[in-house]
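The chains referred to below are lettered A, B, ... by the order of the sequence lines, with proteins before strands, and numbering in each begins at 1. For the numbers below, each heavy atom of this structure counts, side chains included, while hydrogens, waters and symmetry mates do not.
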Amino acid sequence: MRPAAVLRLPLAGLIVLAVLAPLLGLGIDGAAFASLAERAPALGRYGVNTLLLAASAAGLAALLGTACAWLIERCRFAGRDICAFALFLPFALPPYLAAFIWSDLADRIGIGFALRNPLGAALIMALALYPYVYFLVRPAFSQQTGALSAAARTLGCTPWQAFCKVSLPLARPAIAIGALLVAMETANDIAVAEDYGLATLGYFVYDSWLNRGERAAAAAAAILLALLALAASWSETVSRIRQRHHQSQLRTFASEKIAKLSGGKALAAAGVCWLPVLLGFAIPVLALIRHALLAPAVAWQRLPAGLLGTALLIAGAAALAYLLAAAFAFVRSRSRVPGLFEMLARSGYAIPGSVFALGCLGAAAAAASILKAITGVSLYWLWVVAPVVLIYALAVRYLAVAAGALEAGVAALSPGLDKTARSCGLSRWQRLRMVHLPLMAPALAAGLLLIATDIAKELPLTLILRPFGMTTLAVEAYGFAADEDLLGAAPPALALVALAAAGLIVVHRHFRAGNRISAG
Amino acid sequence: MKKPYFVPGGRLLAATLIALAGMAAASADQVNVYTERQQVFLDDIFAAFTEATGIEVEALYIDKGAVERLASEGEASPADVIILTDIGRLHEVVKQELSAPADSPEVQAAVPAWLRHPQGLWVALTRRARLVYAHNDEQQLPAHYEDLAAAGMEGSLCLRSGSHPYNVALFAAYLDRYGEEKALGWLSGLNQNLAREPQGNDRAQIKGVASGECRYAIANSYYYFKMLNSDDSAERDAAAQVQLVAPTFVDGGTHVNVSGAAIARHAPHPEAALALINFMVSSQAQKIYAERNFEMPVREDVAMTGQLADASALIESDSQQLADIAQLRSEAARLAVEAGLAK
Ligand SMILES: [Fe+2]
């Protein structure tokens with residue numbers, strides 16, 4: 001047996017344990033399942049509401065993200081380069097904050113009711129989260145083959161048919177992964193659901209557990225939520241596997257053809273691309289800038305501490321998430337159950353963050369007491385004083401994003417390429433370093449930016465699990481927003497935006513470098 | 001892949017941070033606080049406490065989940081004091097046996113009996129009245145909470161989600177007084193009179209009155225005062241168009257919820273913990289609460305400033321057992337769903 005094969009089994013066990021620990025830490029017992037049956041009618045209602053909301057948010061986000069990614073990658077129009085950049089920016093704002101800002105603006109002109117409803121919430125979530133789709137899909141379009149669409153068109157397809165029959169299927173995995181992330185985040189959201197008066201399972205779990213101490217009911221809803229998310233995840237993976245064959249054949253074409261737009265078409269393309277930037281970013285940020293000018297001094301004074309904590313968490317948790325994702329990919333390649341490991345990787349994203357945090361608390365307490373029983377030393381200080389549990393929790397939570405980026409990257413590799421590289425006598429590591437990584441770079445860089453931004457704005461985990469003396473920009477912003485004070489929340493929120501923009505500038509270089517390699 | 005540039009500096013700073021936090025958590029002249037309240041005004045109180053006693057306060061602001069964190073940490077928890085809003089959360093601490101008695105002579109002298117647990121397992125720090133708001137031009141002001149449910153007032157009332165703890169506590173107070181049948185009737189009446197689906201936060205209800213979306217709104221009074229004193233002229237202007245009404249239940253009493261504190265059962269610094277609670281019910285700290293957050297003190301001898309004093313005078317004090325309200329939360333939340341106020 002090769003060493004890699006020997007490693008695989010214990011590694012798989014370790015990873016599965018690490019990823020499932022927070023869920024096990026919830027201590028869900030028979031009572032929860034009994035409660036699941038007992039509350040079936042109410043939970044059914046919440047379940048339907050949640051599915052509708054999550055599906056509309058994910059659908060809208062997929063539409064926005066895909067349309068913009070395609071226009072940016074396959075067309076040229078005035079302002080395209082800046083727009084390509086700006087389309088990521090709405091992701092810098094936590095969805096709840098965008099929701100609160102729009103809520104406040106609507107209240108000022110007396111139309112709060114028109115916004116705070118399921119449709120409004122789906123729009124807000126889609127505008128805040130479409131960058132998941134946009135960023136994961138862009139690499140898929142950028143490496144796609146103009147020759148292929150050209151071929152399709154000579155065979156009598158209209159441009160629209162060519163897009164639907166050729167471009168879209170190739171980008172489908174990335175779209176599906178992005179949309180799934182949007183759906184799960186929407187189903188698990190609490191703050192927007194509370195403010196907009198929505199009956200989602202995510203809100204139900206939080207409300208019954210933390211507001212009323214009804215643990216069994218909360219656990220029942222959490223189980224249902226996780227099952228729905230995992231079912232969606234599984235069906236996405238399985239349908240993708242079915243499609244893989246067809247896709248790898250399409251991959252063998254490679255050349256670029258980009259449409260130069262002018263006149264009305266250019267204007268329309270620019271309009272489509274700037275709209276989400278305007279609604280998801282420009283307007284809320286303008287409101288924030290106005291609020292920041294009126295903000296109390298303390299909101300500014302705590303920025304350095306918030307920035308430091310945020311940077312520390314990004315460095316630790318993003319690295320760990322990618323490490324876990326890579327280990328996952330390694331183990332998964334031999335798994336006999338299709339979709340099993342994808343499902344596992346996404347399990348951390350399948351329940352609300354605050355409940356996930358409670359599970360982490362449970363798991364950490366159990367681990368501490370086991371270690372104490374063995375060594376006689378309490379290692380508890382480790383997480384009272386250092387953000388060990390928090391970094392672990394964030395990494396597992398966002399493993400779905402890291403794994404998604406890795407998958408999108410792998411999808412960009414053509415199987416023929418590997419064979420060619422092997423026939424040139426390149427070793428496994430040489431192939432990885434010289435062929436695979438450069439080709440995967442755009443997707444990995446995009447994933448890194450997504451995950452770093454996600455960690456920066458993450459709330460319930462950071463709030464509940466952080467050690468004494470640690471704060472982050474998201475925690476600072478929430479401290480004020482929870483008190484319904486948007487003025488105080490503005491400076492840390494703007495700092496989050498600045499941080500995301502800086503990250504975007506750093507990562508964008510890799511993005512272009514990757515494009516060059518794949519194009520040439 | 002290249003590493004981000006800030007990593008080396010970050011590590012150094014992290015190490016320093018960890019060392020500092022470690023020293024802080026171990027120090028004797030220190031008290032560790034977990035709180036679901038916000039930092040803005042607690043900072044001032046903690047600073048005053050440190051100045052008065054020399055004891056440093058290390059606080060962790062956990063807006064949601066401080067009780068659960070304390071519970072899971074068990075004996076290993078570094079927390080000495082836990083500070084919470086809403087009687088429901090204080091009750092959760094007692095239910096899970098997470099607190100130790102804080103019944104010093106200072107507490108007994110300062111806090112009326114109905115505002116603390118009989119054994120001192122929680123002590124209220126502030127009172128928070130849930131009141132009604134109407135436009136300045138409104139002639140017909142509700143004298144009782146029941147008036148909001150009266151027939152013939154369809155499309156007039158705004159409130160946030162019926163499952164929010166602030167509303168659930170109000171509903172539970174009603175349920176405690178009048179029983180299930182009447183409570184359901186009242187809640188259904190409220191539902192009938194809604195101007196819009198329950199939504200938004202407390203400030204949004206007051207803004208709704210200003211903009212004309214709502215004729216009456218229900219919200220905690222400190223939000224109204226914060227809006228009146230906001231640095232944001234739009235919020236100030238909205239609140240200025242709105243008047244505060246302090247209704248009572250038909251047989252008297254205005255609904256009051258509390259924020260409060262408890263000593264953690266496994267507190268590593270129990271003396272410092274008690275000293276902090278004693279300080280927080282002192283006139284000095286109570287005054288900061290009233291001035292900075294516009295909440296009503298639990299002490300009767302603390303003078304309040306203008307608007308808050310006026311409102312406080314309107315409020316008919318009521319010694320309804322807070323523990324009963326806490327216990328009836330689940331039942332009240334269920335009735336709210338049945339009446340259509342929550343989903
Ligand atoms: Fe409040």
- Task: Mind ranking B/Val337, B/Asn293, B/Asp202, B/Asp86 by heavy-atom pairs under 4.5 Å with chain A and telling me who comes out on top?
- Result: B/Asp202
- For A/Tyr46, is it the side chain, the backbone, both, or neither that has a heavy atom closer than 4.5 Å to a heavy atom of chain B? side chain
- Message: Does any backbone or side-chain atom of B/Val33 lie under 4.5 Å from a heavy atom of chain A? Answer side chain, backbone, both or neither.
- Response: backbone
- Message: Between B/His164 and chain A, with a heavy-atom cut-off of 4.5 Å, which part of the residue counts as in contact: side chain, backbone, both or neither?
- Response: both
- Query: Quick one: what part of A/Tyr203 sits under 4.5 Å from any heavy atom of chain B, side chain, backbone, both or neither?
  - Reply: side chain
- Query: Can you say whether B/Ala204 sits under 4.5 Å from chain A via the side chain, the backbone, both, or neither, judging by heavy atoms?
  - Reply: both
- Query: For the residue pair A/Leu312 and A/Met470, what are the closest heavy atoms and their distance?
  - Reply: CD2-CE, 3.4 Å
- Item | Straight-line distance of A/Leu210 CG to A/Ile464 CD1, nearest 0.5 Å | 6.5 Å
- Part of A/Arg212 within contact of chain B (heavy atom distance under 4.5 Å): both
- Answer key: most heavy-atom pairs under 4.5 Å with chain B among A/Gly362, A/Ala482, A/Ala217, A/Gly488 is A/Ala482
- Message: Salt bridge check, B/Glu92 against B/Lys95: does any charged N sit closer than 4.0 Å to a carboxylate O?
- Response: yes
- Query: Are A/Asp104 and A/Arg108 ion-paired here, with the side-chain N under 4.0 Å from a carboxylate O?
  - Reply: yes
- Any chance you could measure B/Glu36, atom CD, to B/Leu84, atom CG, to the nearest 0.5 Å? 5.0 Å
- Task: Sort out for me which of B/Gly200, B/Pro198, B/Gly65, B/Ser161 touches chain A most, counting heavy-atom pairs under 4.5 Å.
- Result: B/Gly200
- Query: A/Phe468 and B/Tyr34: aromatic ring centres closer than 6.0 Å?
  - Reply: yes
- Task: Count the heavy-atom pairs under 4.5 Å between each of A/Phe480, A/Tyr478, A/Tyr196 and chain B, then report the option with the highest count.
- Result: A/Tyr478
- Pair B/Glu235 + B/Lys207: basic N to acidic O under 4.0 Å: yes
- Query: Given that the side chain runs from C-beta out, which part of A/Leu293 has a heavy atom under 4.5 Å from chain B: side chain, backbone, both or neither?
  - Reply: neither
- Interface moiety of B/Val67 toward chain A, non-hydrogen atoms closer than 4.5 Å: neither
- Item | Pair B/Lys226 + A/Asp483: basic N to acidic O under 4.0 Å | yes
- A/Thr462 and A/Thr472 side chains, donor-acceptor separation under 3.5 Å: no
- Residue B/Ala59 versus chain A: region with a heavy atom under 4.5 Å: backbone
- Item | Toward chain A, the part of B/Arg329 with a non-hydrogen atom under 4.5 Å | both
- Task: Decide whether B/Arg203 and B/Tyr224 meet the rule of one side-chain donor and one side-chain acceptor closer than 3.5 Å.
- Result: no
- Query: Heavy-atom distance under 4.5 Å to chain B: side chain of A/Asp485, backbone, both or neither?
  - Reply: both
- Task: Check whether A/Leu294 gets within reach of chain B through its side chain, its backbone, both or neither, counting any heavy atom under 4.5 Å.
- Result: both
- Task: Mark yes when over 12 heavy atoms from residues, nucleotides or ligands other than A/Glu214 sit less than 6.0 Å from its CD; otherwise mark no.
- Result: yes
- Message: Only pairs of heavy atoms separated by less than 4.5 Å count here; which of B/Glu68, B/Glu197, B/Arg37 has the most with chain A?
- Response: B/Glu68
- Note on the structure: Bottom line for A/Leu487: the part with an atom under 4.5 Å from chain B's heavy atoms is side chain
- Relative to chain A, which segment of B/Arg160 carries a heavy atom at a distance below 4.5 Å: side chain, backbone, both, or neither? side chain
- Message: Between the side chains of A/Arg302 and B/Asp43, is the shortest nitrogen-to-carboxylate-oxygen separation below 4.0 Å, so that they form an ion pair?
- Response: yes
- Of the backbone (N, CA, C, O) and the side chain (C-beta and beyond), which part of A/Asp207 lies under 4.5 Å from a heavy atom of chain B, both, or neither? side chain
